[in-house]
Amino acid sequence: MLRRAGLLGSAWVGDRRPVRAGRTRVLTSSAIVHTDDIAWNHAYFDWGAVLVENILQPLYRGEAVDFCPDAWITHDRPGSITAPAGADFIWVEGTGIIREELAPWLDASVWMQGDLDEQERLLVVRDGDSPEQLEHVASWLLEELPFILREQRVVKSIPDLGLEDWSG
C-alpha cells in the first residue's frame, strides 16, 4: 500500500528536512520528492496542482514518475523529478506541502522547525549572500509567511510508521 507523507519545515532552505528524509528513506521502499524542484522558477507556493497532476496522481495509480517541469525546460535545467512505481512510501518534503489543497493526497504530515538563525547561516554557506540571493530570500519570505499563517490549521495525525528516531 502506497503511503505519502509531507515533511514541512520552516522558511530557510538551509534546514535539515532533506537530510532527515534521506536518512528515513533507507528504512522503507520509498522515494523523496522535493517541492523546491517543483517550485524552481515556477512559483514559490502556487505549485500544488502541478504536484498533484504530475507526481501524486501517477504514484497513486501505481505508475512511475519521470516529470520535467516546464520551467526546467525553459531554463535548460537538466534532469527530471523521478519516483519509482511500487514504492511503499513517498516522502514529499518542502515548505508549503502541508496545505488544505494537498491534504487528500497525504497520509501524514510532519512539521520540523529549526533554529531560524542557524538556518539563515546555513543558507548563506550554501547559496551565498549576494544582493540577488538576499533579494530572492526576501521575496520568498514575503510569500511564505502569509502562506504559513493561512495554512497552519491543516494538521493530520501521524500514523505509526515504525520509525524509532526522527532526530538528526
Side-chain angles (χ1 to χ4, degrees), residues 2-22 24-25 30-60 65 67-72 74-75 77 81 83 89-124 126-127 129 131-161 163 166-168:
L2 174 66
R3 300 186 76 148
R4 299 135 319 201
L7 299 177
L8 172 66
S10 59
W12 300 99
V13 181
D15 68 25
R16 296 180 50 85
R17 285 186 324 263
V19 173
R20 289 188 176 109
T24 308
R25 180 180 173 191
S30 65
I32 302 171
V33 174
H34 304 279
T35 60
D36 284 352
D37 290 335
I38 299 161
W40 187 81
N41 277 299
H42 174 72
Y44 294 123
F45 297 101
D46 187 22
W47 42 256
V50 175
L51 173 68
V52 169
E53 181 180 330
N54 297 286
I55 297 171
L56 297 179
Q57 284 181 343
L59 289 170
Y60 188 77
V65 169
F67 171 61
C68 187
D70 292 341
W72 290 30
T74 301
H75 295 278
R77 178 176 171 175
I81 300 168
F89 212 97
I90 301 298
W91 298 97
V92 184
E93 74 80 21
T95 302
I97 192 61
I98 300 176
R99 63 172 83 183
E100 188 171 356
E101 168 189 18
L102 299 175
W105 296 97
L106 301 175
D107 296 307
S109 301
V110 180
W111 175 276
M112 294 183 199
Q113 178 65 49
D115 178 77
L116 294 178
D117 291 335
E118 176 64 6
Q119 292 171 353
E120 184 174 6
R121 185 190 71 74
L122 291 171
L123 182 66
V124 168
R126 191 190 78 181
D127 295 336
D129 60 356
E132 295 82 10
Q133 178 61 18
L134 296 176
E135 182 180 337
H136 169 72
V137 170
S139 296
W140 174 280
L141 290 174
L142 282 175
E143 289 190 33
E144 182 191 41
L145 298 177
F147 174 85
I148 288 176
L149 288 173
R150 183 179 68 247
E151 295 289 341
Q152 69 183 352
R153 68 187 183 283
V154 182
V155 178
K156 295 177 76 175
S157 63
I158 302 169
D160 179 7
L161 304 176
L163 305 175
W166 282 81
S167 65

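Numbers here simply count residues along the sequence, with the first being 1.
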Taking all heavy atoms of [X] and all of [Y], pick out the closest pair and write down the distance.
X      : Y      : answer
Pro58  : Glu53  : CD-O, 3.5 Å
Ala71  : His42  : CB-N, 4.2 Å
Leu134 : Asp129 : CD1-O, 3.6 Å
Val65  : Ile55  : CG2-O, 3.6 Å

**Message:** Tell me every residue that passes side chain to side chain contact (heavy atoms under 4.5 Å, CB included) with Asp46, counting only those two or more places apart in sequence or in another chain.
**Reply:**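 Residues passing side chain to side chain contact (heavy atoms under 4.5 Å, CB included) with Asp46: Ala43.
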
**Item:** Residues that Val52 engages under side chain to side chain contact (heavy atoms under 4.5 Å, CB included), provided they are two or more places apart
**Value:**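 Testing Val52 for side chain to side chain contact (heavy atoms under 4.5 Å, CB included), a comparison that skips the adjacent residues, returns Leu56, Gln57, Leu102, Trp105.
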
Spacing of [atom1] belonging to [X] relative to [atom2] belonging to [Y], to within rounding of 0.5 Å:
X      : Y      : atom1 : atom2 : answer
Trp72  : Ile38  : CH2   : CD1   : 9.0 Å
Ile90  : Tyr60  : CD1   : OH    : 14.0 Å
Thr95  : Asp36  : OG1   : CG    : 7.0 Å
Ile98  : Leu106 : CD1   : CG    : 8.0 Å
Asn54  : Leu59  : CG    : CG    : 11.0 Å
Arg150 : Leu145 : CZ    : CG    : 12.0 Å

With side chains defined as the heavy atoms from C-beta onward, is the minimum distance between [X] and [Y] less than 4.5 Å?
X      : Y      : value
Ser30  : Trp91  : yes
Phe45  : Thr35  : no
Gln133 : Leu123 : yes

**Message:** Tyr44: which residues meet the ring-ring contact (aromatic ring centres under 6.0 Å, His included) condition with it, sequence neighbours left out?
**Reply:**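 Tyr44 satisfies ring-ring contact (aromatic ring centres under 6.0 Å, His included) with His136, Trp140 only.
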
**Message:** For Glu132, give me all partners under side chain to side chain donor-acceptor pair (under 3.5 Å), at least two apart in sequence or on another chain.
**Reply:**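 Expected list: Ser130.
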
**Partners meeting side chain to side chain donor-acceptor pair (under 3.5 Å) with Asp37 (sequence neighbours left out)** =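 Testing Asp37 for side chain to side chain donor-acceptor pair (under 3.5 Å), a comparison that skips the adjacent residues, returns Arg77.
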
